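What follows is a single structure, written as structure tokens, with notes after it.
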Amino acid sequence: MTGCEITSCERSHNELLSCCLSVDLTSANTLRLPCLAERYVVPKTLSALQRVLREAADKQWHITLMGGGSNVLLPAQLKGIAIRPGMQQWWLERCGESVVAHVGAGVNWHSLVMTLSARGLWGIENLALIPGDCGAAPVQNIGAYGVELKDVLVGVQVVELASGNVRWLSADACQFGYRDSIFKKSLADKVVITQLTLRLSKTPQPKLGYGDLAARVAGTANCLAVAQAVCAIRQEKLPDPQVLANAGSFFKNPLVSSDQLSRLLQAYPDMPYFPQINGQSKLAAGWLIDQCGLKGIRQGAFGVHARQALVLVHFGGGDRCELLQFAEHIAHKVYDQFGVELEPEPRLVQA
């Protein structure tokens with residue numbers, strides 16, 4: 001199992017150093033918000049990235065970091081240079097009873113999940129069908145069905161934008177929280193993630209306590225079956241971005257104190273909630289939005305998905321300003337009824 005394994009979608013080590021000018025990124029973000037990048041480049045190796053960063057520093061270009069475009073809100077224009085890490089190399093290494101996966105930032109996350117699950121490696125099967133590149137996963141600390149990236153992440157390789165220096169951060173140093181990390185705080189716009197190290201296991205470790213996942217895989221201890229069940233559930237509830245533009249869950253599930261939870265349960269005894277180890281409880285943002293009668297509504301070019309109230313969809317012809325106004329309208333409705341604040345999950349990219 002030790003050794004280099006290159007994904008089929010990228011076998012070249014050629015360095016893409018020339019910038020493409022005036023690139024339309026509308027199709028490069030899953031919400032299909034109109035965006036024109038002044039410059040756009042996809043470096044495929046560490047050295048190529050460092051050369052791009054040197055050129056950007058010499059010419060004083062503003063740098064915007066891009067991933068798979070599944071969790072960003074792009075402006076109409078991006079000045080300077082947009083960089084999408086394109087490292088596609090990955091390999092596996094035995095470490096005692098576990099297996100460590102070293103994964104380039106440009107590898108497609110879902111493809112990685114399905115490939116490793118098919119090999120019987122446990123740990124990330126619950127995170128199937130989450131769109132985007134692997135390099136973007138730590139930024140958001142992606143999570144689904146009771147599993148978060150922090151549960152398996154050993155560390156990340158980063159490159160400092162200002163100096164081009166390479167360093168490693170442990171999982172603890174990443175300061176992971178619910179849909180949060182150091183990459184959204186003190187290291188925001190200061191480093192680019194180029195590689196992940198994940199610790200997986202050959203020993204069955206199913207986590208099936210979320211929703212009807214256990215019923216879907218009853219009688220099996222196969223991690224590929226779990227990943228396939230997660231895919232089926234997500235496909236039933238969530239629209240395909242290729243068919244109807246969306247960024248998945250638009251709002252974070254809010255955290256409330258035990259006192260606030262008690263007050264809410266008195267008024268809404270059927271309200272779902274999920275206790276956290278810090279004494280807070282996580283509420284289902286989709287349920288809150290649905291209770292406000294907002295599921296399926298449309299306002300201009302945007303709407304709330306008819307089957308999943310947590311997803312905002314773009315029917316076409318809208319822009320980021322219109323989307324943010326629509327999202328603010330939804331958040332106000334929820335706050336007025338429940339006294340709970342909703343926070344958008346996608347990253348707001350500055351122009």
Side-chain angles (χ1 to χ4, degrees), residues 67 70-71 90 92-105 107-158 168-185 187 193 195-211 213-214 216-217 221-231 233-234 248-249 252-253 255 274-282 284 345:
S70 61
N71 202 51
W90 66 272
L92 301 175
E93 176 186 3
R94 286 192 183 276
C95 292
E97 295 300 316
S98 60
V99 175
V100 171
H102 305 272
V103 186
V107 174
N108 177 270
W109 175 260
H110 173 65
S111 295
L112 178 74
V113 171
M114 300 309 292
T115 299
L116 296 183
S117 295
R119 296 187 178 205
L121 297 178
W122 291 84
I124 58 175
E125 61 281 350
N126 289 36
L127 304 180
L129 211 62
I130 294 179
D133 296 344
C134 289
V139 178
Q140 195 73 4
N141 183 25
I142 59 172
Y145 300 99
V147 175
E148 292 182 318
L149 180 71
K150 69 177 180 63
D151 299 331
V152 297
L153 187 79
V154 177
V156 297
Q157 183 189 67
V158 301
W168 280 89
L169 295 177
S170 67
D172 288 341
C174 292
Q175 299 177 14
F176 288 125
Y178 172 60
R179 301 298 181 270
D180 198 15
S181 71
I182 195 173
F183 307 109
K184 299 176 75 172
K185 296 180 289 192
L187 290 185
I193 296 170
Q195 186 177 310
L196 313 185
T197 302
L198 309 174
R199 187 174 300 278
L200 309 171
S201 176
K202 294 285 288 184
T203 303
Q205 300 175 348
K207 295 183 179 180
L208 308 176
Y210 194 102
L213 192 53
R216 298 264 185 154
V217 294
N222 184 318
C223 58
L224 179 59
V226 175
Q228 291 170 335
V230 169
C231 289
I233 294 172
R234 292 179 67 91
S249 300
K252 297 179 182 180
N253 288 322
L255 295 169
F274 306 91
Q276 306 296 295
I277 58 174
N278 62 0
Q280 292 182 307
S281 288
K282 185 186 298 181
E345 187 170 314

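All of these numbers come straight from a predicted model, not from anything done at the bench.
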Any side-chain heavy atom of V217 within less than 4.5 Å of one from P206?
no
Decide yes or no for V158 and F183: does some side-chain heavy atom of the first lie under 4.5 Å from some side-chain heavy atom of the second?
yes
Counting only N and O atoms by type, is there a donor-acceptor contact under 3.5 Å from the side chain of S117 to the main-chain atoms of A227?
no
So does F274 get a backbone contact from the side chain of Q276, meaning a donor-acceptor N/O pair under 3.5 Å?
yes
Kindly write out the residues that satisfy side chain to side chain contact (heavy atoms under 4.5 Å, CB included) with K150, not counting sequence neighbours, or none if the list is empty.
N141, E148, F176
To the nearest 0.5 angstrom, please state how far the CG atom of L92 sits from the NE2 atom of H102.
8.5 Å
Got a donor-acceptor contact below 3.5 angstrom from the T197 side chain to the V154 backbone?
no
Can you confirm whether K185 sits close enough to D180 that some side-chain heavy atom of one is under 4.5 Å from a side-chain heavy atom of the other?
yes
Could you tell me whether the side chain of V139 reaches within less than 4.5 Å of the side chain of K184, counting heavy atoms only?
yes
Using only heavy-atom distances, determine whether the side chains of Q280 and N278 contain a donor-acceptor pair under 3.5 Å.
yes
Can you tell me how far apart CZ (R216) and SG (C231) are? Round to the nearest 0.5 Å.
11.5 Å
Under 4.5 Å between any side-chain heavy atoms of R199 and V100, yes or no?
yes
Locate the shortest heavy-atom distance separating L213 from A229; write the atom from each residue and the value.
CD1-CB, 3.9 Å
Taking all atoms of both residues into account, what is the closest heavy-atom pair of W122 and T203, and its distance?
CD1-O, 3.4 Å
I'd like to know if the side chain of S201 reaches the main chain of S98, judged simply by a donor and an acceptor atom lying under 3.5 Å from each other, with no hydrogens or angles considered.
no
If you round to the nearest 0.5 Å, how far is CD of E125 from CD of Q228?
12.0 Å
Here the pair of heavy atoms bringing G123 nearest to V147 is O-CG1, 3.8 Å
For P131 and S70, the nearest pair of non-hydrogen atoms, with its separation, is O-OG, 3.2 Å
Side chain proximity check, Q140 to S181, heavy atoms < 4.5 angstrom
no
State whether Y145 and K207 meet the cation-pi test: NZ (Lys) or CZ (Arg) under 6.0 Å from the six-membered ring centroid, and within 45° of the perpendicular axis.
no
Interatomic distance, CG@D151 vs CD1@I124, rounded to 0.5 Å, equals 12.0 Å
Output for pair (N126 CG, I233 CD1), nearest 0.5 Å, gives 9.5 Å
Where L127 and L149 come nearest, the two heavy atoms and their spacing:
CD1-N, 4.3 Å
Sub-3.5 Å donor-acceptor pair from the side chain of D133 to the main-chain atoms of A136, do we have one?
no
So which atom in L200 and which in A101 form the shortest heavy-atom distance, rounded to 0.1 Å?
CD1-CB, 4.2 Å
Find the distance between SG (C223) and CG (L121) and round it off to the nearest 0.5 Å.
6.5 Å
Between E345 and K252, does any side-chain N to carboxylate O distance fall below 4.0 Å?
no
